[in-house]
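Here's the structure, in structure tokens; my notes come after.
Below, all heavy atoms of this structure are taken into account, side chains as well, without hydrogens, waters or symmetry copies. Worth saying up front: this structure is predicted, and the values here are computed from it rather than measured. Numbers for residues simply follow the sequence, beginning at 1.
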Amino acid sequence: EKIFNEALLNIQDENLKESIQGFIDAYKEFGLTQSGKEEYREALIAQNLIKNEFYEPAIELIYGIIKEEYNYIDAWIMLGYANLRLKNYFDAIEAFQTALDIDPVKSESRYFLGLAYFGVEKYGDAISNIEIAIKNGYEPKSEALQQLAEIAILNEEFDKAADAYEQVLKYEKTNIETYIRPVWLYIEKLNNPDRAITIALNAVEIAPENALSYSLLGWALTAKE
């Protein structure tokens, strides 16, 4: 902590200063905790290591935490996430499964477990876990829905993908690029140009000054002949 404070005084790079401040804040937060356990301090440091993309030292630190406090669910989630970012998918799956054993309804565990299964191309397991995460209130919901849609496309579940993308549009309706995938699905995969036209017309209504809106509408009208 002392070294971090000294570094903060001598470093000019604003991004690095922000990263250092995160570690200092972690020590301060721990200091304000009544009878704080050592594992909590280590978890705060691990959280900042992950935030700064130092995944290997974070993993080493977290193993020490769960050795002392096995049911520390946030530690298991961080362990899984760090392994996920390193593409150690099977280690990530094991960590998230353990987190779910501790708390079966934790939406973050479900969502990231879905991404880990996606990493090993188990698309069915990925879809089912992300769906449960959404049901359990994962946020941001639009992010989870987009992941669900893309994995469903790979698994050739085109109706599920289209439904997920239509839900995404409720959250991202002003982002015209979000309309591309559902229009494509209804034209190329579901043979439903009428629905594609409806979605493209919504894009034109939302962004009448955007050329992409009219491109999508032209594409859908062409599919309808």
Interatomic distance, [X] atom [atom1] to [Y] atom [atom2] [nearest 0.5 angstrom]:
{"X": "Ile62", "Y": "Asn83", "atom1": "CD1", "atom2": "CG", "answer": "8.5 Å"}
{"X": "Ile151", "Y": "Ile130", "atom1": "CD1", "atom2": "CD1", "answer": "3.5 Å"}
{"X": "Ile20", "Y": "Leu9", "atom1": "CD1", "atom2": "CG", "answer": "10.0 Å"}
{"X": "Arg110", "Y": "Asn129", "atom1": "CZ", "atom2": "CG", "answer": "5.0 Å"}
{"X": "Asn88", "Y": "Tyr55", "atom1": "CG", "atom2": "OH", "answer": "12.0 Å"}

Any donor-acceptor N/O pair, [X] side chain to [Y] backbone, under 3.5 Å:
{"X": "Asn192", "Y": "Arg195", "answer": "yes"}
{"X": "Asn10", "Y": "Glu6", "answer": "yes"}
{"X": "Glu69", "Y": "Asn71", "answer": "no"}
{"X": "Thr222", "Y": "Gly218", "answer": "yes"}
{"X": "Tyr179", "Y": "Lys173", "answer": "yes"}
{"X": "Asn48", "Y": "Leu44", "answer": "yes"}
{"X": "Ser109", "Y": "Val105", "answer": "no"}

Determine, using the 4.5 Å side-chain heavy-atom cutoff (strictly less than), whether [X] and [Y] are members of one ILVMFWY cluster.
{"X": "Phe30", "Y": "Leu49", "result": "no"}
{"X": "Ile50", "Y": "Ile24", "result": "no"}
{"X": "Ile93", "Y": "Ile77", "result": "yes"}
{"X": "Leu8", "Y": "Leu16", "result": "yes"}
{"X": "Tyr214", "Y": "Trp219", "result": "no"}

According to the interplanar angle, ranging from 0 to 90°, do the rings of Phe112 and Tyr138 count as parallel (below 30°), tilted (30 to 60°) or perpendicular (above 60°)?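 The rings of Phe112 and Tyr138 stand perpendicular, inter-plane angle above 60°.
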
Using 30° and 60° as the class limits, which term best fits the ring planes of Phe4 and Tyr27: parallel, tilted or perpendicular?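 Rings of Phe4 and Tyr27: tilted, as their planes differ by 30° to 60°.
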
More than 12 non-hydrogen atoms from neighbouring residues, nucleotides or ligands closer than 6.0 Å to [atom1] on [X], yes or no?
{"X": "Phe90", "atom1": "CZ", "answer": "no"}
{"X": "Phe54", "atom1": "CZ", "answer": "no"}
{"X": "Glu209", "atom1": "CD", "answer": "yes"}
{"X": "Glu177", "atom1": "CD", "answer": "no"}
{"X": "Gln21", "atom1": "CD", "answer": "yes"}
{"X": "Asp13", "atom1": "CG", "answer": "yes"}

Does Ile153 form a side chain to side chain contact (heavy atoms under 4.5 Å, CB included) with Leu185? I'd like the steps, not just the answer. CA-CA 9 Å; Ile153 289 171; Leu185 279 164; 4.0 Å; yes

Where [X] and [Y] come nearest, the two heavy atoms and their spacing:
{"X": "Ile134", "Y": "Ala144", "answer": "CG1-CB, 3.7 Å"}
{"X": "Asn136", "Y": "Pro104", "answer": "ND2-O, 4.5 Å"}
{"X": "Ala149", "Y": "Ala164", "answer": "CB-CB, 3.8 Å"}

Just so I know, are the side chains of [X] and [Y] near enough to count as touching, which here means a heavy-atom distance under 4.5 Å?
{"X": "Ile180", "Y": "Leu212", "value": "yes"}
{"X": "Gln167", "Y": "Tyr165", "value": "no"}
{"X": "Ser213", "Y": "Ile206", "value": "no"}
{"X": "Leu115", "Y": "Tyr111", "value": "yes"}
{"X": "Leu100", "Y": "Trp76", "value": "no"}
{"X": "Leu145", "Y": "Lys170", "value": "no"}
{"X": "Tyr81", "Y": "Arg85", "value": "yes"}
{"X": "Ile187", "Y": "Trp184", "value": "no"}

With a 4.0 Å cut-off on N to O distance, would you call Glu1 and Lys28 a salt bridge?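 Lys28 and Glu1: not salt-bridged.
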
Salt-bridge contact Glu150-Arg181 (side-chain N to carboxylate O under 4.0 Å):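 Result for this pair is yes, salt bridge flagged.
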
Using salt bridge (Lys or Arg N to Asp or Glu O under 4.0 Å), reason through Lys189 and Glu156 one step at a time and then give a plain yes or no. CA-CA 9 Å; Lys189 299 298 182 181; Glu156 298 187 354; over 6 Å; no

Who pairs with Tyr72 by side-chain hydrogen bond (donor to acceptor under 3.5 Å, both in side chains), at least two apart in sequence or on another chain?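 Tyr72 satisfies side-chain hydrogen bond (donor to acceptor under 3.5 Å, both in side chains) with no residue once adjacent residues are dropped.
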
Chi angles and distances behind the side chain to side chain contact (heavy atoms under 4.5 Å, CB included) call for Tyr186, Asp194: CA-CA 8 Å; Tyr186 282 118; Asp194 289 321; over 6 Å; no

Sequence neighbours left out, what passes side-chain contact (heavy atoms from CB on, under 4.5 Å) with Glu68? Give chain and number order.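 side-chain contact (heavy atoms from CB on, under 4.5 Å) check on Glu68 returns Glu39.
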
Do Asn155 and Glu157 pair up side chain to side chain, a donor and an acceptor below 3.5 Å, judged on atom types alone?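 Yes, Glu157 and Asn155 have a side-chain donor paired with an acceptor closer than 3.5 Å.
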
Test: salt bridge (charged side-chain N to carboxylate O under 4.0 Å, His left out). Region: residues 112-133. Which pairs qualify, not counting sequence neighbours?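 Applying salt bridge (charged side-chain N to carboxylate O under 4.0 Å, His left out) to every pair that reaches into residues 112-133, excluding sequence neighbours, yields Glu131-Lys160.
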
